[in-house]
Every structure is written in structure tokens, then in C-alpha cells.
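Data first, discussion second: the structure below is written as C-alpha cells.
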Amino acid sequence: MAQAKLIDGKAFAADLRAKIAEEVAELKAKHGVTPGLAVVLVGEDPASQVYVRNKGEQTQAAGMYSETHRLAAETTQDELLAVVDKLNADPKIHGVLVQFPVPAHINQMDVVAALSPDKDVDGLTVTNAGRLASGLPALTPCTPLGCMMLLKDTLGDLSGKNAVVIGRSNLMGKPMAQMLLAADCTVTIAHSRSKDLPGIVRQADIVVAAVGRAEMVKADWVKPGATVIDVGITRYPARDPAAAAVGKTRLVGDVAFDEVSEVAGAITPVPGGVGPMTIACLLANTLTAAKRLAGIA
Ligand code: NAP
């Protein structure tokens, strides 16, 4: 059987980062504006530490100003909100991202509500979610934005396609569905209460899986030739016992990659598909926020 085209998010993200770096250099030279991103991490979640380090490194590599605020796990909500307020008011900073999850004693929605919508580079505030839903210019969540770029690059015009998004989180499923709708797809959102999920997914020309259940989407769920975007990440110990013994992990997506590759027209791998797009889109959003805040078209 034919093998699906591999959608290379790693290469796409590298190109995008290079284009962003060029634009940043131009913005500095022409307008004296250096886009600045502040990332706030509360606690010591190991995966979050890796994400935050990568974000800081890639922000600097793009020529932007980067600040990382590492706060102790016992930081109170008021202390965290005070840091957010300060960053909202800091003219060097154009994007503020609080790395989630935060410890259980902090209310995530309160943190999101404290972010200035103009600096909300994760697109999580009610203002940006509402603007996206209303078709107005918005800062939109980075991962679905990256998925849209990969889909448009793979398929061109998405108009009229049947798209099924599995997952309905504010960070991923809901904004993904809004973006597909804005691109004139016919959109279905499936979730844990959906009945006959395989039957729903079989209708799709485009499947976006954002659940967090390893290899849930099987080959017989997928319409031949469909484009499959795998957002899910589940961490397992590395296959090599020596590597696993020192805490090394491997990432598994929501899609049973080997079997689905035999049916789909195009598919993202995990890792190397959607993952690299998320940080590249964070940089893109920071650049957009910096231009808007500086009043540059
Ligand atoms: P989340 O908030 O936990 O949402 C998961 C969604 O999956 C929920 O809407 C849930 O439905 C749905 N779901 C759970 N079990 C299901 C089932 N058996 N059948 C159908 N739907 C089911 O997670 P998230 O933040 O959206 O992230 C989803 C996945 O993407 C995670 O693995 C995460 O690590 C990954 N992710 C990756 C990136 C990246 O950069 N690659 C970025 C963000 C997230 P209910 O609403 O009914 O509970």
C-alpha cells in the first residue's frame, strides 16, 4: 500500500524561524524595536523546564530579547499575578507566557485573566479567543496556528474540506476548530463524550488529534488519502533500558503512526511534526505583538 507523505514540521519550523529572524533584524534596523518575550515558570516540572529552556534559547537565536522568570513551587497566586502585572507594564516585553500547568494552589484562569491581551502570545485570554471566534485580528494559540501552517502548506486551499478535531481544550481543540472554520472547512469537534469516534473520524479529509492518548487513532478510523495532524504527546521511558534508567523518555503521538501511514495521504510524525511548530509560532506571535504595540503595520 502507498505510504503517506511525511509532513516535516521540523524543517518547516526551521524555515519559519529563519524568516522571523530576518524580520526581527529589519524591525531593529528600521524602527529600533527589539521584540521581547518573557516566560514565567512556577515550580520544577521536568517537561516544563525543557520547554522553557528551549523557548529562551530560540527567542535569543531569532535576535529577540528573552527573559525567563523561574519562581519557586510555593509562590502564591498573588506573587505570580504581581510578576505578570510588572511584565504587562514593561516596555521591553511584548509577549508574556506563563508556562502551564501551574501548581494546584494557583488558579490557571485567574492567571490568564491577568495577562494583557496585547501581550498574550499564547492566545488564551477571553479577548483573543473572542477575537478569533469573531474573525477579528487576534493573537492565537501557537500549536493550532502551527497546525494550520502545516495544513495549508500540504493541501493549499482548505475550503470545503471535512475536518475533524479530536479534543476541545481552550489551548488546542477549540482554537483549532475556529481556525479551520475560518478557512472554510466543515468542522466537527469530537471529545470524550462523542459517540462512535471511529465513524466520525472516517468522514474526515483532515484529522487533527489533540487528546493525549497514545496511538488512539487507528488505520481503520482514517479515510484513505486523509491528512492527519498528530498533536498528542505521551511520554514513555526510552526503549533502551540504559537510557530509561537515567530518565530518558520517548514521545508517542495520538495516532498509530505505522499503520495510519499506510492509509493517510499525509501525516505528521511524533516527534518532528507539530512539536517544533509550537515554539516557532510563539516567536511569530511575539513579533506580531511587538509590531502591533509599536504601531507598525
Ligand atoms: P487536554 O486539555 O487534556 O484536552 C484533551 C482533550 O481530549 C479533551 O477535550 C478531552 O475531552 C479529549 N479526550 C480525552 N479522552 C478522549 C477520548 N477517549 N476520545 C475523544 N476525546 C478524548 O489536552 P490539550 O492541552 O488539548 O493537549 C492535547 C494533547 O496535545 C496532549 O497530549 C498534549 O501534550 C499535546 N500538546 C502538544 C503540543 C505540541 O506542541 N505538540 C502542544 C499542546 C498540547 P473532554 O473535554 O470531554 O474531557
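As the structure lists them, so they are numbered: ligands from 1, and atoms in each ligand from 1. Bear in mind that the values here come from a model prediction, so they are computed numbers and not experimental data.
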Using a strict cut-off of less than 4.0 Å between a Lys/Arg side-chain nitrogen and an Asp/Glu carboxylate oxygen, indicate whether Arg292 and Asp118 qualify as a salt bridge.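 Between Asp118 and Arg292 there is no salt bridge, as every charged N stays at least 4.0 Å from the carboxylate O atoms.
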
Using side-chain heavy atoms (C-beta onward) and a distance below 4.5 Å, is [X] in contact with [Y]?
X: Met148; Y: Leu158; value: yes
X: Leu6; Y: Phe257; value: yes
X: Cys147; Y: Met172; value: yes
X: Ile166; Y: Met216; value: yes
X: Met64; Y: Leu283; value: yes

Proximity to ligand 1 by part of [X], non-hydrogen separation under 4.0 Å:
X: Met277; answer: neither
X: Thr234; answer: neither
X: Val231; answer: both

Counting each atom of ligand 1 from 1 as listed, which ones have a heavy atom of [X] under 4.0 Å away?
X: Ile166; value: 20 (C), 21 (N)
X: Gly167; value: 6 (C), 7 (O), 9 (O)
X: Ala210; value: 5 (C), 6 (C), 7 (O), 28 (C), 29 (C)
X: Met172; value: 26 (O)
X: Gly275; value: 40 (O), 41 (N)

Is Ser169 in polar range of ligand 1, meaning some N or O pair under 3.5 Å apart? yes

Begin with the C-alpha distance, continue with both residues' side-chain angles, and end with the deciding distance and a verdict on side chain to side chain donor-acceptor pair (under 3.5 Å) for Tyr65 and Glu67. CA-CA 7 Å; Tyr65 172 70; Glu67 266 181 23; 2.6 Å; yes

Please check if a non-hydrogen protein atom sits closer than 4.0 Å to atom 40 (O) of ligand 1. yes

Best match, Asp254, Ile233, Val211: closest heavy atom to atom 32 (O) of ligand 1: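 Ranked by closest heavy atom to atom 32 (O) of ligand 1, first place is Ile233.
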
